[in-house]
Structures are given as structure tokens and as C-alpha cells.
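We're numbering straight along the sequence, starting at 1. All values below come from the heavy atoms of this structure, side chains included, with hydrogens, waters and symmetry mates left out. In this text the structure is predicted, and so the values were computed from the model without any measurement.
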Amino acid sequence: MQSSFKGRLNRGDVLVGTILTIPSAEIAEIFQLAGFDWLFVDLEHGAMGIRDAQAAMQAAAGQLPCVVRVPGNDEVWIKRALDIGAAGIIAPNVRSAEAARQVVRLCKYPPEGERSVGIARAQGYGEAFQAYVSTANEAVAVIIQIEHVDAVAAIEEIIAVAGIDAVFVGPYDLSASMDKMGLTTDPAVQDAIRRVKQSTRAAKIPIGIFGPTAESVKPYIQDGYTLIAVGTDTLMLVKAAKNITGALKR
């Protein structure tokens, strides 16, 4: 599943996913049945832990690639997320080329990097160890998140780091770093996002973005964004519940 996700990412396929924040294997399974192309498993925000992330991957049954956003770009979180079988890593709040290089190093086995060698779900609990470690460096997607004005200022240096497979824009944190909390359509915020897009286009690196609704991400898809995360499990539940109560209590 790792290779098929990264292969599609590299081909430029539009990959539509959503964000899982609730520790529920059943929700992950429902998202797989709904036809999403990938699942953004969020360990940075919300109540999910590493065991919950693994349960989500097991519920997806190899049909829905799961990419884990780690809570921090350190060795422990990255290796644990990869060892449970993540198709890739989303590294939050990368602001410099050096920070990007560290993420790449921690995602790659030696000699290309410094990922430590363990035996867990990704390695078939040992049965597929050699097959996994011989292909993981090429198969695992390394995605960095640009979500701060400092990262925008350094975007050319950041995306020049070898081993980055895609860039993912976080518009809400980016707006907050510009003292425009939540104003993602503000002209200055949109200008910053456009700068990131122009740089990734020049470097031929896939770019993605989050939006709360299908309508909010359509313009980005039309502009060439291919890694799309639309909505979250909680947003979908709130909307569906309010639709029901609104219809019956008017």
C-alpha cells in the first residue's frame, strides 16, 4: 500500500482524503467504504495515540493508505508511526531547510538516513522484514507541512532538500502566524499560499492543502493541488447531526 500511494502521488493523481481525529477503527473503515483515496491520521491534535493509528490502518484492511501526521518531528514519533505501517509521514510546522533535512533523515533507513530498525506491523511482525527494509526508503512518502509565515519565506530552500515527496499547506495555522487567525481567504494569506504553490510548481513537487468542505477545496484542485484533505471526522458528524435536528425541530 505504501508504494501505490507514493506512486499515485508522484504521478500527479488527485488524491482526495479526510482527517481522522477520533480514536475509532470503525470510522476509518467507513471512510474506506466511502471511497476516499487516502486517510490523514492526525496524532498532532485530538485524542488519538499510536495504538489508535494502528487500529485505523488495520480497519482500512490495506485498501485505504494511511498517512500519519506525527505530533512532533522527532525520532521516536516518526519511527513509531512508520513501524505501524504508515504509507507516509506528514511532518508538521516545518520552518527551515534544516528541519526538513532532519525529517527526511529520520524517515530513511541507513545509509540514506538514520531510521532505526525495528520489527513491528510494517515489517510483517518479522515475516516480511527483508522485503520491507529493502523497499521502505523508496516506498514511504515524506510530506512536510508548510503552516507558518517563516516557512513561506524559506520555501525555496526547504523544497530543495532531497527526499521530500510533497508539500502540504496548513492554511489555518499559516493565517494565525500572520495575525489573521482563521482568515484563510484574506488576500495576504492567499498571497502566501500562492507563493508556496508557485515554488512547488517550479520544483515539480506535489502540493496539497486542507479545506473544511468540498466547495472550499475545488479551486485548489483546479489550480493543480493534488493531495487534498477535505473535512474531518468531527466536522462531518457535527454537520450530519445538525442537519437531522434542524430538519426535525424547525
Atom of [X], atom of [Y] and distance for their closest heavy-atom approach:
X    : Y    : result
V68  : A81  : CG1-CB, 3.9 Å
F40  : A229 : CD1-CB, 4.2 Å
G12  : T226 : O-CG2, 3.5 Å
I159 : S199 : CD1-O, 3.3 Å
K6   : V140 : NZ-O, 3.5 Å
I158 : A100 : CG2-CB, 4.1 Å

First locate atom [atom1] of [X], then atom [atom2] of [Y], and finally report the distance between them rounded to the nearest 0.5 Å.
X    : Y    : atom1 : atom2 : answer
C107 : I78  : SG    : CD1   : 4.5 Å
M236 : I30  : CE    : CD1   : 11.0 Å
R115 : K108 : CZ    : NZ    : 10.0 Å
S177 : E147 : OG    : CD    : 9.0 Å
E156 : Q198 : CD    : CD    : 9.5 Å
L227 : D165 : CG    : CG    : 11.0 Å

Please check if the side chain of [X] supplies one atom and the backbone of [Y] the other of a donor-acceptor pair under 3.5 Å.
X    : Y    : answer
D13  : L15  : no
R195 : A153 : yes
S175 : K180 : yes
D186 : L183 : no
N73  : V103 : no
W38  : I228 : yes
D37  : V16  : yes

**OP:** Run through V142, I144, V70, V67 and flag the one making a side-chain contact (heavy atoms from CB on, under 4.5 Å) with I89.
**Re:** V70

**OP:** Any chance you could lay out the side chain to side chain contact (heavy atoms under 4.5 Å, CB included) test for L106 and K79, step after step, and finish with the verdict?
**Re:** CA-CA 7 Å; L106 295 176; K79 69 183 176 183; over 6 Å; no

Output a table of donor-acceptor pairs, distance under 3.5 Å, between side-chain atoms of residues 237-244 and any protein atom two or more places apart or on a different chain; print 'none' if there are none.
residue, atom, partner, partner atom, Å
N243, ND2, K239, O, 3.4

Is there a side-chain contact between [X] and [Y], using heavy atoms and a 4.5 Å cut-off?
X    : Y    : result
C66  : F31  : no
P171 : I209 : yes
I146 : F168 : no
I19  : D233 : no
L174 : V152 : yes
V94  : Q145 : no

Original post:
What pairs of residues pass the side chain to side chain donor-acceptor pair (under 3.5 Å) test when at least one of them lies in residues 85-106, not counting sequence neighbours?
Top reply: N93-R95, R95-H148, E98-R101, E98-R105

Original post:
Tell me, which pairs form a side chain to side chain donor-acceptor pair (under 3.5 Å) where one or both residues lie in residues 117-126, sequence neighbours left out?
Top reply: D83-Q123, Y109-Q123

Original post:
Would you find more than 12 non-hydrogen atoms of other residues, nucleotides or ligands less than 6.0 Å from R11 atom CZ?
Top reply: yes

Original post:
Is it the case that more than 12 heavy atoms not belonging to E138 sit under 6.0 Å from its CD atom?
Top reply: no

Original post:
So, D42 and T21: side-chain donor and acceptor under 3.5 Å apart, yes or no?
Top reply: no

Give a yes or no on whether [X] and [Y] share a hydrophobic cluster (residues Ile, Leu, Val, Met, Phe, Trp, Tyr; joining criterion: side-chain heavy atoms under 4.5 Å apart).
X    : Y    : result
V230 : L33  : no
M181 : F210 : no
V117 : V76  : no

Subject >> Derivation and outcome, side chain to side chain contact (heavy atoms under 4.5 Å, CB included), residues I207 and Y220 >> reply: CA-CA 10 Å; I207 186 170; Y220 292 108; over 6 Å; no

Original post:
Given the rule in the side chain to side chain contact (heavy atoms under 4.5 Å, CB included) test, do I164 and V104 qualify, once you have shown the distances and angles that lead to the verdict?
Top reply: CA-CA 7 Å; I164 293 173; V104 173; 4.1 Å; yes

Output all residues satisfying side chain to side chain contact (heavy atoms under 4.5 Å, CB included) with [X], sequence neighbours left out; order by chain, then residue number.
X    : value
E215 : T213, K218
D223 : K197, R201, Y225
P71  : L43, W77

**OP:** Check the pair L39 / T18 against side chain to side chain contact (heavy atoms under 4.5 Å, CB included), numbers first and verdict last.
**Re:** CA-CA 6 Å; L39 186 59; T18 191; 4.0 Å; yes

